[in-house]
Chemist: 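Just passing along the structure, written as structure tokens.
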Amino acid sequence: MGDTVVHLHKNTDPSTEPATVTTLTVVPDPAPAAPVPLWVRSGRAVKHAVTHENTKTAARAVARHGLYVVGGARIVGRRTWDGKTAARYERFMRAAEAAGDMDAAMEWEERAQRYRDARHRRRMDLLHSPVDAAKGVAVTTGMGIGSLVALGVVMAIATKDVTDVVTPLMATVDFINLLITIVQVVWGPLVTLGPFLALLALWAVGSKQQAAPQWALPAHVRSGEGEPITPSIVVKALRDLGVPALRNAIKEMGDAGASMLSPIVIAGCGVEVDVTLPSGVSTIEVQNKRRKLAENLSRHEHEVFITIPQAARTVRLWIADSGALDEPIGPSPLVTDETMTADYAKGRAPWGQDLRGDAASLSLYQRHLLITGLSNQGKTASLRALALWAALDKRVEFRIADLKGVGDWAMFDGLATVLIQGPTDEHVIEATEMVEDALDEMNRRIEARRLDPGAVFDPLICIVDEAQVAFMCPAVDDEKRPYGGSKATSRYFMGVRKIHNQGRAVDVLMWQGTQDPTDQNLPKLVREGAHTRAALALGTESQAVMALGEKAVNGGAAPHLLRQGLDKGTLVVASDGIEIPKGQSSLTVRTHYIDDDEAKAITDRAKAIRDGVTTLHSIERGEERDPLADVFDVMGDAERSYTQDIIKRLAIVSEDAYGGWTFGDLKRVLEAAGVEAYKSHGRMVVRRDDVARALADRDSEGSASASE
């Protein structure tokens, strides 16, 4: 045991009784820890020294500078070989042949032949050069000695000293002797320093070309941040993908793989290049290596997109500039241009930008729509942006059910004829009845088209946001029919399916937004009924297939590779309503974000071009109705309303009471109250004041009868 420590506490305050109090506390010492063996401490020290970042940095630096010399020697050797042989011409000729450019191949062959002829002449000249050189040296030496002797004779005559005849000759000999002495002095250091100077020259070449493996390069070079994309970088990235057939084919190509690439062109905030794969390499092998390819290109995975163009055995690479996709795009034209209008039939909704930086616009004409994605990725904003554009066409009628119910669609109050907001089963029931009313309107239009093939109808867009709530609803009606589910008895499911089947022909459209698609919350028949399918970030490839279809995903669509939370508003679209590059099956779009205040300003502009819309916030059924009062209510604040619009709004108020109404039924009620419908610009209308006066007269008559 360890020693004990005794603490004595003495109270010295004389005013306290007793005068002295002693407290004894015994605290045992903790048992001493066992000593760490020396070999363990030494091993830890060695491990720490080896794994320390400074050690790693120093090791990389030593390896890097050594490999610079090796790489420089390889580069100099290759340059020397190219300069002394026709290898360069042969390489260019094979590349031209691989590209199918036979004119260029013949030109390079001609250049190679001219080079060989010139080289042959130089070699033949070398055979005669020793004799010619000896003759030249003899002649030059003789002439030089003769000149020196003549100079000496002149000097001797001038000085009258015969010894001056050899003075110039002796001065030349002394100068040559001095040169020999200088060479003898300098030669030793030159022999010693020569190899070091040669190594320094090779190191300089290797350093300039970064001729060392990636792991040995400095951190800022290894990251490749902002490194421009060149053909050699693309080929090297493909070679190092880990696909043996691709690697071997590139090594066997005389042009080192350059013939595989199309010209690299600037495409928006990145570049684009088509890669024709060699025989034996499939496009799916490259698609499955997207992350590794991106890393080989010094990019993040989300900055490289691989699609399949129309050409066989070809992949199209779009490579973003580093960090460019994290920069926001500009505001929507709906916000910046207050004079913008919409044309549902011929126009296109401005939705955002594609990866090339070009404007991406979507045609909504007779197309059902489905947008899906994980929660909080911008699904509602993307869907609402399309509706805001369509609202600027006063012919478009909206019926909206927001099953989230947090006010994302509140600005459509006074613009949509129906606006249901809430997540409960009661709201799902009302949304289902709204869809069924749209289905009845579709059937009425189909019947009218049968009687009059030239009949034209105003577009009716039925929007259900958070549609998964409706599909998962457990409520059943009085006849035990479920509202949710995907069976033939499901009311919501069957309503959507029937509108998908025939609605587009009479401009009754179904738009849905849903979260996290599965077979339970987004049945197969419903998702395949949409003409335009778009997906934001998703969790798995199987969800991407559900959202966009197998064909789009096989063609390169990859919403499951978008970054959750970082790529908000970026979606992948599969639709014939948007311009997609030829041969591709989808387009990646970065959508404009329109906030609530901006959306309200747009809907205010849409309301200003309409006669006034009464928005119903619930749908009631199975009650006795006052037709004249209902007519007055559905007319809202408009000075006058079309009879066709009144009939449609009455059907929304009560399907049971007004679902089968025709113009004759409305006319009968109005004439009974003394209200007359009249024609304006070829369409029957009713004045609101006339209906209000009829109601007032009826109420006054009722009061008089009651008093009697």
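Values in this document were obtained by computation on a predicted structure and should not be read as measured data.
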Chemist: Can you tell me how far apart CZ (Arg367) and CD1 (Ile578) are? Round to the nearest 0.5 Å.
Modeler: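 With rounding to 0.5 Å, CZ (Arg367) is 10.5 Å from CD1 (Ile578).
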Chemist: Where do Gln515 and Gln468 come nearest, in terms of heavy atoms and distance?
Modeler: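 Closest pair (atom of Gln515, atom of Gln468, distance): N-OE1, 3.1 Å.
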Chemist: Would you sort out whether Glu285 and Lys289 count as a salt bridge (Lys or Arg N to Asp or Glu O under 4.0 Å), showing the intermediate values?
Modeler: CA-CA 7 Å; Glu285 290 181 282; Lys289 298 278 188 176; over 6 Å; no
Chemist: Please confirm whether the backbone N or O of Ser382 pairs with a side-chain atom of Tyr593, one donor and one acceptor, at under 3.5 Å?
Modeler: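 Checking the backbone N and O of Ser382 against the side chain of Tyr593, no donor-acceptor pair under 3.5 Å is found.
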Chemist: Nearest heavy-atom pair of Gly280 and Ala245: which atoms, and what distance?
Modeler: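 Smallest interatomic distance, heavy atoms only, reads O-CB, 4.0 Å.
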Chemist: Which heavy-atom pair separates Trp318 from Gly270 by the least distance, and what is that distance?
Modeler: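 Taking every non-hydrogen atom into account, CZ2-N, 3.9 Å.
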Chemist: Whether Asp596 and Arg384 form a salt bridge (side-chain N of Lys/Arg under 4.0 Å from carboxylate O of Asp/Glu) is what I want to check.
Modeler: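 Yes, charged N to carboxylate O under 4.0 Å.
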Chemist: Does the side chain of Leu293 reach to within under 4.5 Å of the side chain of Leu241, using non-hydrogen atoms?
Modeler: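 Yes, side chains in contact.
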Chemist: Any chance you could lay out the side chain to side chain contact (heavy atoms under 4.5 Å, CB included) test for Val553 and Glu541, step after step, and finish with the verdict?
Modeler: CA-CA 8 Å; Val553 174; Glu541 184 176 349; 3.9 Å; yes
Chemist: Quick one, Pro350 and Met340 - any side-chain contact, counting heavy atoms below 4.5 Å?
Modeler: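 When only atoms from C-beta onward are counted, Met340 and Pro350 do touch, with a gap below 4.5 Å.
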Chemist: CG/Asn554 to CG/Leu548 distance, rounded to the nearest 0.5 angstrom?
Modeler: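 If I round to the nearest 0.5 Å, the distance is 11.5 Å.
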Chemist: Would the distance check show the side chain of Asn521 and the main-chain N or O of Thr518 forming a donor-acceptor pair, the cut-off being under 3.5 Å?
Modeler: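 Present.
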Chemist: Roughly how far apart are Arg290 CZ and Asn288 CG, rounded to 0.5 Å?
Modeler: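 With rounding to 0.5 Å, CZ (Arg290) is 12.0 Å from CG (Asn288).
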Chemist: Is there a donor-acceptor contact under 3.5 Å from the side chain of Asp567 to the main chain of Arg563?
Modeler: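 The answer is yes, because a donor-acceptor pair under 3.5 Å joins these two groups.
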Chemist: Closest heavy-atom contact between Leu522 and Arg527?
Modeler: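 That would be O-NH1, 2.7 Å.
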Chemist: Is it true that, when you exclude Gln366 itself, more than 12 heavy atoms of the residues, nucleotides or ligands shown sit nearer than 6.0 Å to its CD?
Modeler: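 Yes, the 6.0 Å shell around CD holds more than 12 heavy atoms from other groups.
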Chemist: What is the distance from atom OG of Ser586 to atom NZ of Lys551, rounded to the nearest 0.5 Å?
Modeler: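 Reported value, rounded in 0.5 Å steps: 11.0 Å.
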Chemist: Are Arg299 and Glu295 within salt-bridge range, i.e. N to O under 4.0 Å?
Modeler: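 Salt bridge absent between Arg299 and Glu295.
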Chemist: Counting only heavy atoms not in Leu525, do more than 12 sit closer than 6.0 Å to its CG atom?
Modeler: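 Result for CG/Leu525: enclosed.
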Chemist: Indicate yes or no for a side-chain donor-acceptor contact from His592 to the backbone of Gly330 under 3.5 Å, with no hydrogens or angles considered.
Modeler: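 Judged by distance alone, yes, a pair lies under 3.5 Å.
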Chemist: Is the shortest side-chain heavy-atom distance between Thr532 and Leu362 below 4.5 Å?
Modeler: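 Thr532 reaches Leu362 side chain to side chain.
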Chemist: Is atom CD of Glu109 surrounded by more than 12 heavy atoms (other residues, nucleotides or ligands) closer than 6.0 Å?
Modeler: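 Check fails, neighbour count at 12 or below.
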Chemist: Any idea which heavy atoms bring His368 and Gly529 closest together, and the distance?
Modeler: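 Scanning both residues, the minimum pair turns out to be CD2-O, 3.9 Å.
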Chemist: Answer whether the closest heavy-atom distance between the side chains of Glu466 and Thr514 falls below 4.5 Å.
Modeler: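 SC-SC contact between Glu466 and Thr514 ruled out.
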Chemist: For Arg348, check side-chain contact (heavy atoms from CB on, under 4.5 Å) against everything at least two apart and list the hits.
Modeler: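 Ser361, Ser363.
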Chemist: What's the separation between atom CD1 in Ile233 and atom OG in Ser298, rounded to the nearest 0.5 Å?
Modeler: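 Here the interatomic distance stands at 7.0 Å.
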Chemist: Working note: Ile371 + Leu536, criterion side chain to side chain contact (heavy atoms under 4.5 Å, CB included); need CA distance, chi angles, decisive distance, verdict.
Modeler: CA-CA 8 Å; Ile371 298 181; Leu536 295 106; 3.8 Å; yes
Chemist: So, does Gln113 use its side chain to make a donor-acceptor pair with the main chain of Glu110 at under 3.5 Å?
Modeler: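 No.
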Chemist: Measuring only between side-chain heavy atoms, which start at C-beta, is Glu303 closer than 4.5 Å to Asp321?
Modeler: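 Answer no - side chains too far apart.
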Chemist: Would you say the side chain of Leu386 lies within less than 4.5 Å of the side chain of Trp351, judging by non-hydrogen atoms?
Modeler: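 In short, these two side chains touch, coming nearer than 4.5 Å.
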Chemist: Please check if the side chain of Gln543 supplies one atom and the backbone of Gly539 the other of a donor-acceptor pair under 3.5 Å.
Modeler: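 Yes, the answer is positive, given that a donor and an acceptor are paired below the 3.5 Å cut-off.
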Chemist: Output every pair passing side-chain hydrogen bond (donor to acceptor under 3.5 Å, both in side chains) with a member in residues 261-274, not counting sequence neighbours, ordered by first then second residue.
Modeler: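 Those involving residues 261-274 are Glu272-Arg356, Asp274-Arg316.
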Chemist: Can Thr591 and Leu571 be said to form a side chain to side chain contact (heavy atoms under 4.5 Å, CB included), step by step?
Modeler: CA-CA 8 Å; Thr591 59; Leu571 47 76; 3.9 Å; yes
Chemist: Any side-chain hydrogen bond (donor to acceptor under 3.5 Å, both in side chains) involving residues 239-249? Give me the pairs, sequence neighbours left out, ordered by first then second residue.
Modeler: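 Every pair satisfying side-chain hydrogen bond (donor to acceptor under 3.5 Å, both in side chains) with a residue in residues 239-249: Lys236-Asp240.
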Chemist: Does the Gln377 side chain pair with the main chain of Leu374, one donor and one acceptor, at a distance under 3.5 Å?
Modeler: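 Here the side-chain-to-backbone pair does not exist.
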Chemist: Rounded to the nearest 0.5 Å, what separation is found between the OG1 atom of Thr372 and the CG atom of Leu383?
Modeler: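 Answer rounded to 0.5 Å: 11.5 Å.
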Chemist: Are Asp354 and Arg590 ion-paired here, with the side-chain N under 4.0 Å from a carboxylate O?
Modeler: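 Result for this pair is no, no salt bridge flagged.
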Chemist: Can you see which heavy atom on Val573 is nearest to which on Val589, and at what distance?
Modeler: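 Closest approach of Val573 to Val589, heavy atoms only: CG2-CG2, 4.0 Å.
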Chemist: Would you say the side chain of Leu364 lies within less than 4.5 Å of the side chain of Trp511, judging by non-hydrogen atoms?
Modeler: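 Contact flag for Trp511/Leu364 side chains = yes.
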Chemist: Are Ser282 and Leu277 close enough that some pair of their side-chain heavy atoms sits under 4.5 Å apart?
Modeler: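 No. Closest side-chain heavy atoms not under 4.5 Å.
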Chemist: Decide if atom CZ of Arg291 counts as having more than 12 heavy atoms of other residues, nucleotides or ligands within a radius under 6.0 Å.
Modeler: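 No - once you tally the heavy atoms of other residues, nucleotides and ligands closer than 6.0 Å, there are 12 at most.
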Chemist: Please evaluate residues Glu528 and Arg533 with respect to the criterion side chain to side chain contact (heavy atoms under 4.5 Å, CB included), reporting the C-alpha separation (whole Å), side-chain torsions for both, the decisive distance (0.1 Å), and the verdict.
Modeler: CA-CA 9 Å; Glu528 291 185 349; Arg533 299 166 71 173; 4.1 Å; yes
Chemist: Spell out, as yes or no, whether a donor-acceptor pair under 3.5 Å connects the side chain of Thr283 to the backbone of Val315.
Modeler: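 Not a single qualifying donor-acceptor pair exists.
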Chemist: Start with the C-alpha distance between Gln353 and Asp358, add both sets of side-chain angles, then the distance that settles side chain to side chain donor-acceptor pair (under 3.5 Å), and finish with yes or no.
Modeler: CA-CA 5 Å; Gln353 295 179 359; Asp358 299 330; over 6 Å; no
Chemist: Does Ser232 reach the main-chain N or O of Thr230 with its side chain, forming a donor-acceptor pair under 3.5 Å?
Modeler: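 Pair absent, no side-chain N/O of Ser232 close to backbone of Thr230.
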